Amino acid sequence: MFAPIVTAWLLCISSIGIYNIFRWNPHIFHALSPVYMLKFLKRTGIEGWISLGGVVLSITGVETMFADLGHFSSLSIRVAFSFLVYPCLVLAYMGEAAFLSKHHKDIQRSFYKAIPEAVFWPVFIVATFAAVVGSQAVISATFSIISQCCALNCFPFVKIIHTSSKIYGQIYIPEVNWILMCLCLAVTIGLRDTNMMGHAYGLAVTTVMFVTTCLMALVMIIVWKQRIAIAVAFLVIFGSMELLYISASVYKIPEGGWIPLALSFIFMAIMYIWNYGTTKKHEFDVENKVSMNRIVCLGPSLGMVRVPGIGLIYTNLASGVPAVFGHFVTNLPAFHQVLVFVCVKSIQVPYISEKYRLMISRVGPKEYCMFRCIVRYGYKDLQQENYDFENRLVSGIVQFVEAEEDTTLKTTFISSCGREVGNMDIEKFDAQNQDHSFTNSKSSDILETKIWKGHGGGAPLKDESLHILRAKESGVAFILGHSYAKAKKSSSIVKKFAINVVYSFLSKNCREPDVVLNVPHTSLLEVGMIYHV
């Protein structure tokens with residue numbers, strides 16, 4: 001419904017504009033000349049410069065077209081803007097100007113006054129629908145931005161619902177939707193003045209345009225490899241115009257322009273605190289990861305045993321054994337027959353194909369039966385909550401074991417505590433012996449296929465694969481580490497408030513990997529640790 005509504009709206013305002021041009025002032029097209037703009041600014045001086053804060057509202061809203069880049073190609077947006085949107089808007093403003101040239105007293109409600117009475121109510125209804133569509137464009141853009149910020153660890157993880165099975169980019173975030181509604185109501189009820197809302201909107205949009213221009217100049221140099229002179233010329237030409245509008249909008253800060261600045265500060269503080277806290281948490285995990293040699297050496301003294309089943313340990317580390325596992329086995333000296341360290345990573349590419357989703361490698365010697373699985377998502381990928389992760393993971397591990405060569409490992413493992421293992425520690429061994437296994441099938445399908453091959457004379461499943469499948473039948477346990485951040489006693493009051501209050505609140509209320517991967521609560525074991533930043 002959105003495209004027909006917007007098309008009908010643009011055709012309505014352009015038709016009314018043409019009607020007003022011919023009825024009230026056919027010579028209004030002369031106003032397209034920039035000479036009149038220069039004369040206006042020269043005659044009005046400072047008042048003319050201040051009025052630019054209102055003039056900029058004539059182009060606001062156009063930027064939401066570029067929020068649709070996730071749904072349409074850049075060519076389609078260029079064609080739509082150049083041949084439909086822009087001509088319709090120019091005709092609409094020229095018609096309104098022609099009407100005002102004969103009706104100076106109707107300046108406050110010139111748009112609706114310029115509509116002929118015979119078509120007023122149909123146009124009013126289409127205008128209302130168009131306003132809803134315009135709001136939806138901003139809401140959808142907010143969902144997309146929040147989703148990508150979550151993937152880049154710049155915003156707390158929230159629930160993301162994929163609303164379409166055919167169109168990938170259509171998502172819905174309930175929490176963000178409610179926040180937007182509350183903010184809109186607060187601004188509307190608090191200000192009760194469309195002029196103040198216009199001032200707030202104008203400052204927000206012009207600032208976004210200028211920031212985009214600055215970032216575009218960097219893209220031209222770093223990504224497109226253009227000459228610096230071209231990028232500087234681009235920045236000067238477009239940036240100077242945008243700075244002119246910003247300077248006029250800044251004058252309106254006391255009259256509503258402070259709202260976007262305050263909201264920007266709040267959200268920027270949340271994003272910075274979250275990114276700082278997660279970065280420090282990752283540094284803590286890296287600095288305190290446990291050597292596999294140490295775990296093996298502690299086994300006899302702790303009376304460590306292996307229990308039936310598969311244990312999935314969630315960690316932020318893509319290599320090494322997380323500190324939470326060492327904390328777990330020293331307090332409860334037992335772990336499962338098959339142990340898998342699961343790391344969910346969002347990487348800085350838009351999409352990861354499903355067959356490349358899981359990257360599986362072995363941790364330590366074969367007799368340990370320990371694996372690492374890195375679950376990879378692009379920042380535009382959607383981490384589905386109904387994802388059949390457990391079966392996919394077991395399937396991938398079985399395929400990895402079956403594809404693994406039966407050659408003798410070049411590295412000789414020495415079990416003596418504190419010594420290097422064949423001139424190389426376990427983590428380096430992991431890094432050098434990583435193999436990839438990407439799968440879309442289920443473990444039961446693999447088992448049936450291999451048994452069929454075995455009966456037909458092919459090779460049956462390896463003993464280790466059978467051991468893994470039997471362990472799955474015994475049950476799967478999910479071990480999730482919770483690292484709680486605390487500010488050091490020597491920290492400033494601001495840092496203590498940011499870490500102990502804000503970050504703690506955000507981390508307790510964001511969505512954890514167990515929710516994303518649909519972990520059953522009856523099989524979940526949480527291990528807590530405290531780290532100081």
Side-chain angles (χ1 to χ4, degrees), residues 290 292-293 295-296 298-299 302-315 317-322 324-326 328-329 332-344 357-375 387-406 409 413 426-427 429-430 433-439 441-447 450-451 460-481 513-514 517-520 522-527:
V290 184
M292 181 54 64
N293 286 336
I295 297 295
V296 173
L298 286 174
L302 294 174
M304 197 176 297
V305 295
R306 304 292 289 267
V307 297
I310 297 178
L312 304 183
I313 299 178
Y314 288 95
T315 173
L317 297 179
S319 63
V321 179
V324 69
F325 178 67
F328 171 70
V329 296
L332 184 64
F335 55 93
H336 298 82
Q337 288 175 331
V338 179
L339 206 62
V340 185
F341 297 101
V342 180
C343 176
V344 181
R357 180 78 65 212
L358 305 181
M359 188 173 74
I360 297 173
S361 60
R362 190 180 289 278
V363 178
K366 284 187 177 182
E367 55 267 23
Y368 289 0
C369 206
M370 299 171 67
F371 303 91
R372 174 175 289 106
C373 176
I374 300 176
V375 188
Y387 189 66
D388 190 14
F389 178 71
E390 183 181 319
N391 286 327
R392 289 170 183 262
L393 177 60
V394 174
S395 170
I397 293 174
V398 171
Q399 286 192 15
F400 170 79
V401 172
E402 291 298 312
E404 199 174 27
E405 294 182 357
D406 290 328
L409 297 176
F413 287 87
I426 293 289
E427 292 170 8
F429 171 80
D430 292 343
N433 287 277
Q434 282 187 350
D435 196 358
H436 299 172
S437 176
F438 309 105
T439 178
S441 59
K442 295 183 180 180
S443 56
S444 57
D445 299 331
I446 298 171
L447 181 58
K450 294 294 288 185
I451 290 176
L461 283 169
K462 294 180 181 179
D463 291 339
E464 187 177 10
S465 298
L466 293 172
H467 175 70
I468 293 170
L469 292 171
R470 281 194 294 266
K472 182 183 181 301
E473 293 175 359
S474 299
V476 178
F478 300 83
I479 303 170
L480 184 66
D514 61 306
L517 297 174
N518 200 22
V519 175
T522 55
S523 304
L524 179 62
L525 178 64
E526 294 183 302
V527 182

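The residues of the chain are indexed from 1 along the displayed sequence. This is a predicted model, so every value here is computed, not measured.
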Student: Do V401 and F371 have side-chain heavy atoms sitting under 4.5 Å apart?
Tutor: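 V401 reaches F371 side chain to side chain.
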Student: Are the side chains of L358 and V375 in touch, meaning some heavy atoms are under 4.5 Å apart?
Tutor: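 Yes, at least one pair of side-chain atoms sits under 4.5 Å.
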Student: State, to 0.1 Å, how close L393 and C373 come at their nearest heavy-atom pair, and which atoms those are.
Tutor: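 Reported closest heavy-atom pair: CD1-SG, 3.4 Å.
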Student: So how far is it from I310 CD1 to L469 CG, rounded to the nearest 0.5 Å?
Tutor: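 Between I310 CD1 and L469 CG, I get 8.0 Å after rounding to 0.5 Å.
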Student: Give, for atom CZ of R470 and atom OG of S465, the distance between the pair rounded to the nearest 0.5 Å.
Tutor: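 Output value for this atom pair is 10.5 Å.
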Student: Is any side-chain heavy atom of K472 less than 4.5 Å from a side-chain heavy atom of I468?
Tutor: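 No, side chains not in contact.
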Student: Ignoring hydrogens, what is the shortest heavy-atom contact between Q337 and R306? Give both atom names and the distance.
Tutor: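 So the two residues come closest at O-NH2, 2.7 Å.
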Student: Let me confirm one number: the CZ-CG distance from F341 to L312, rounded to the nearest 0.5 Å.
Tutor: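 Rounded to the nearest 0.5 Å, the CZ-CG separation comes out at 11.0 Å.
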Student: Nearest 0.5 angstrom please: M359 CE to R372 CZ, how far?
Tutor: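 Result: 9.0 Å between the selected atoms.
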Student: Under the side chain to side chain contact (heavy atoms under 4.5 Å, CB included) rule, collect the residues that match up with S474, sequence neighbours excluded.
Tutor: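 Only P308 meet the side chain to side chain contact (heavy atoms under 4.5 Å, CB included) criterion with S474.
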Student: Quick one: CZ on F478 to CG on L525, what's the gap to the nearest 0.5 Å?
Tutor: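 It is 12.0 Å, given to the nearest 0.5 Å.
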Student: Quick one: side chain to side chain contact (heavy atoms under 4.5 Å, CB included) partners of A477, sequence neighbours excluded?
Tutor: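 Scan of A477 (side chain to side chain contact (heavy atoms under 4.5 Å, CB included), adjacent residues dropped) gives H336.
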Student: For the atom pair CZ (F400) and CD (E464), what is the distance rounded to the nearest 0.5 Å?
Tutor: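 Here the interatomic distance stands at 8.5 Å.
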